K.L.:
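One structure, as structure tokens, below. Some questions next.
These figures come from a predicted structure and were not determined experimentally.
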Amino acid sequence: EMSYGQITWQEVKAADQAFLDSVNEVLGTAFIVNDFVKKPKRIKLESFTVLVVDDDDTLRGAVCSSLVSNGFKTIAAKNGKDALERLAECKGAVQLILLDLSMPVMTGWEFLKYRQDHQTLKNIPVIVQTGEIDPTGLESATAILPKPFNSETLLNLISEKFKKSA
């Protein structure tokens with residue numbers, strides 16, 4: 001057991017966990033001390049690559065971190081055009097696209113329309129993350145993930161929808 005002056009490592013860890021517990025409660029995240037992202041019991045999807053497309057740097061980074069912590073590989077893109085460039089670079093390595101709808105340059109809507117006209121993209125499942133209530137126009141999406149969402153909801157949806165890919 002390490003000691004820092006009068007405070008032991010166990011006391012620091014307990015204080016950190018209490019702080020993170022309060023953050024978890026407010027944000028709906030899954031952080032724990034010494035692991036950072038809690039790993040729920042689920043199917044391990046080794047070499048399952050997810051393209052995360054979102055213009056919000058913070059959300060995109062958090063989603064990628066959560067996915068990586070749970071055994072996924074990720075590729076990040078900041079808009080639909082960037083996503084198409086990443087897909088061209090990795091040539092068939094992506095098994096799932098997590099797509100935001102409202103983005104600059106090329107929206108998620110535009111990406112979905114482009115995807116429908118290109119067979120290689122059409123075969124990649126897409127989970128659309130959206131705050132919109134009406135799913136009209138999202139029929140080509142494999143699943144819809146309502147915003148806001150937490151990492152547990154996302155991981156459960158991926159596990160549920162893509163068990164056969166594991």
Side-chain angles (χ1 to χ4, degrees), residues 23-31 36-166:
V23 171
N24 291 342
E25 189 174 316
V26 172
L27 299 179
T29 57
F31 293 109
F36 293 112
V37 179
K38 191 175 186 177
K39 296 180 182 180
K41 293 177 185 171
R42 68 181 73 255
I43 300 169
K44 270 290 196 198
L45 299 170
E46 298 298 328
S47 72
F48 192 94
T49 302
V50 180
L51 174 61
V52 180
V53 188
D54 199 307
D55 61 319
D56 183 324
D57 294 340
T58 303
L59 180 59
R60 187 177 61 245
V63 168
C64 286
S65 293
S66 179
L67 290 171
V68 167
S69 295
N70 283 278
F72 296 89
K73 294 177 183 173
T74 63
I75 300 171
K78 58 188 172 190
N79 58 56
K81 181 178 181 283
D82 192 28
L84 292 175
E85 292 169 2
R86 300 286 172 267
L87 287 163
E89 290 168 5
C90 67
K91 294 184 174 71
V94 173
Q95 286 80 38
L96 171 65
I97 299 169
L98 180 61
L99 180 69
D100 185 26
L101 290 179
S102 299
M103 298 177 287
V105 183
M106 181 181 203
T107 69
W109 293 104
E110 293 166 328
F111 179 90
L112 287 172
K113 185 172 178 2
Y114 183 90
R115 175 180 168 262
Q116 282 305 107
D117 296 333
H118 295 82
Q119 194 59 42
T120 55
L121 296 178
K122 197 174 183 178
N123 293 331
I124 303 171
V126 174
I127 294 177
V128 170
Q129 52 176 335
T130 181
E132 296 190 25
I133 298 169
D134 183 9
T136 304
L138 297 176
E139 293 81 13
S140 66
T142 307
I144 299 171
L145 181 62
K147 282 184 176 180
F149 62 88
N150 61 31
S151 60
E152 187 68 19
T153 303
L154 172 61
L155 294 167
N156 285 336
L157 179 62
I158 292 172
S159 183
E160 173 190 315
K161 294 287 182 184
F162 303 98
K163 285 179 194 171
K164 59 184 173 275
S165 299

K.L.:
With rounding to the nearest 0.5 angstrom, report the CG to CD1 distance, L145 to I127.
P.N.:
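Spacing of CG (L145) from CD1 (I127) equals 6.5 Å.
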
K.L.:
Donor-acceptor pair, distance only, cut-off 3.5 Å: does the side chain of T130 make one with the backbone of P146?
P.N.:
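Not at all, since once roles are kept as given, no pair shorter than 3.5 Å links the two residues.
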
K.L.:
Stepwise, does the salt bridge (charged side-chain N to carboxylate O under 4.0 Å, His left out) test hold for R60 with D56?
P.N.:
CA-CA 6 Å; R60 187 177 61 245; D56 183 324; over 6 Å; no

K.L.:
Can you tell me how far apart CD (E85) and CD1 (I75) are? Round to the nearest 0.5 Å.
P.N.:
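It is 13.0 Å, given to the nearest 0.5 Å.
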
K.L.:
Output yes when a side-chain donor or acceptor of R86 lies under 3.5 Å from a complementary backbone atom of V53, and no otherwise.
P.N.:
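The answer is no, because no donor-acceptor pair under 3.5 Å joins these two groups.
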
K.L.:
Pair N156, T153 - check side-chain hydrogen bond (donor to acceptor under 3.5 Å, both in side chains), show working.
P.N.:
CA-CA 5 Å; N156 285 336; T153 303; 5.9 Å; no

K.L.:
Quick one: CD on E110 to CG on L101, what's the gap to the nearest 0.5 Å?
P.N.:
11.0 Å

K.L.:
Measure the spacing between OG1 of T120 and CZ of R115 and express it to the nearest 0.5 Å.
P.N.:
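It is 10.5 Å, given to the nearest 0.5 Å.
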
K.L.:
Over all heavy atoms of both residues, which pair between S66 and L155 is shortest? Give the atoms and the distance, please.
P.N.:
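Shortest heavy-atom contact: OG-CD1, 4.0 Å.
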
K.L.:
I'd like to know if the side chain of Q95 and the backbone of A93 have a donor-acceptor N/O pair within less than 3.5 Å.
P.N.:
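Present.
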
K.L.:
From D54 CG over to L98 CG, what is the distance, rounded to the nearest 0.5 angstrom?
P.N.:
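Nearest 0.5 Å value for the CG-CG distance: 7.5 Å.
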
K.L.:
Does any non-hydrogen side-chain atom of I97 lie less than 4.5 Å from one of L87?
P.N.:
yes

K.L.:
A side-chain contact here means heavy atoms from C-beta on lying under 4.5 Å apart; do D55 and P104 qualify?
P.N.:
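D55 reaches P104 side chain to side chain.
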
K.L.:
State, yes or no, whether a side-chain contact exists between L138 and L112 at a heavy-atom distance under 4.5 Å.
P.N.:
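They are in contact (side-chain heavy atoms under 4.5 Å apart), so the answer is yes.
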
K.L.:
Show the nearest heavy-atom pair for residues M103 and T107, with the distance to one decimal.
P.N.:
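Smallest heavy-atom distance, with atoms named: O-CG2, 3.3 Å.
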
K.L.:
Between L96 and F72, does a side-chain contact (heavy atoms from CB on, under 4.5 Å) hold up when you go through it step by step?
P.N.:
CA-CA 11 Å; L96 171 65; F72 296 89; over 6 Å; no

K.L.:
Could you tell me whether the side chain of V126 reaches within less than 4.5 Å of the side chain of L121, counting heavy atoms only?
P.N.:
no

K.L.:
List the steps and the verdict of side-chain contact (heavy atoms from CB on, under 4.5 Å) for L154 and L67.
P.N.:
CA-CA 9 Å; L154 172 61; L67 290 171; 4.2 Å; yes

K.L.:
For Y114 and M106, work out which heavy atoms get closest and say how close.
P.N.:
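Nearest heavy atoms, Y114 then M106: CB-CE, 3.9 Å.
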
K.L.:
Please find the pair of heavy atoms, one from Q116 and one from S140, that lie closest to each other, and give the distance.
P.N.:
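So the minimum-distance heavy-atom pair works out to OE1-CB, 3.2 Å.
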
K.L.:
Please report the closest heavy-atom contact between L51 and A77, naming both atoms and the distance.
P.N.:
CD1-CB, 4.1 Å

K.L.:
Between D100 and K147, does the salt bridge (charged side-chain N to carboxylate O under 4.0 Å, His left out) criterion hold? Intermediate values first, please.
P.N.:
CA-CA 10 Å; D100 185 26; K147 282 184 176 180; 3.0 Å; yes

K.L.:
To check you understand the geometry: which heavy-atom pair defines the closest contact between A83 and F111, and what is its length?
P.N.:
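Heavy atoms only, the tightest pair is CB-CE1, 3.9 Å.
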
K.L.:
Give a yes or no on whether the backbone of G61 and the side-chain of S65 come within a donor-acceptor separation of less than 3.5 Å.
P.N.:
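Confirmed, S65 side chain pairs with G61 backbone.
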
K.L.:
Tell me whether K113 at atom NZ has more than 12 heavy atoms from other residues, nucleotides or ligands lying less than 6.0 Å away.
P.N.:
no

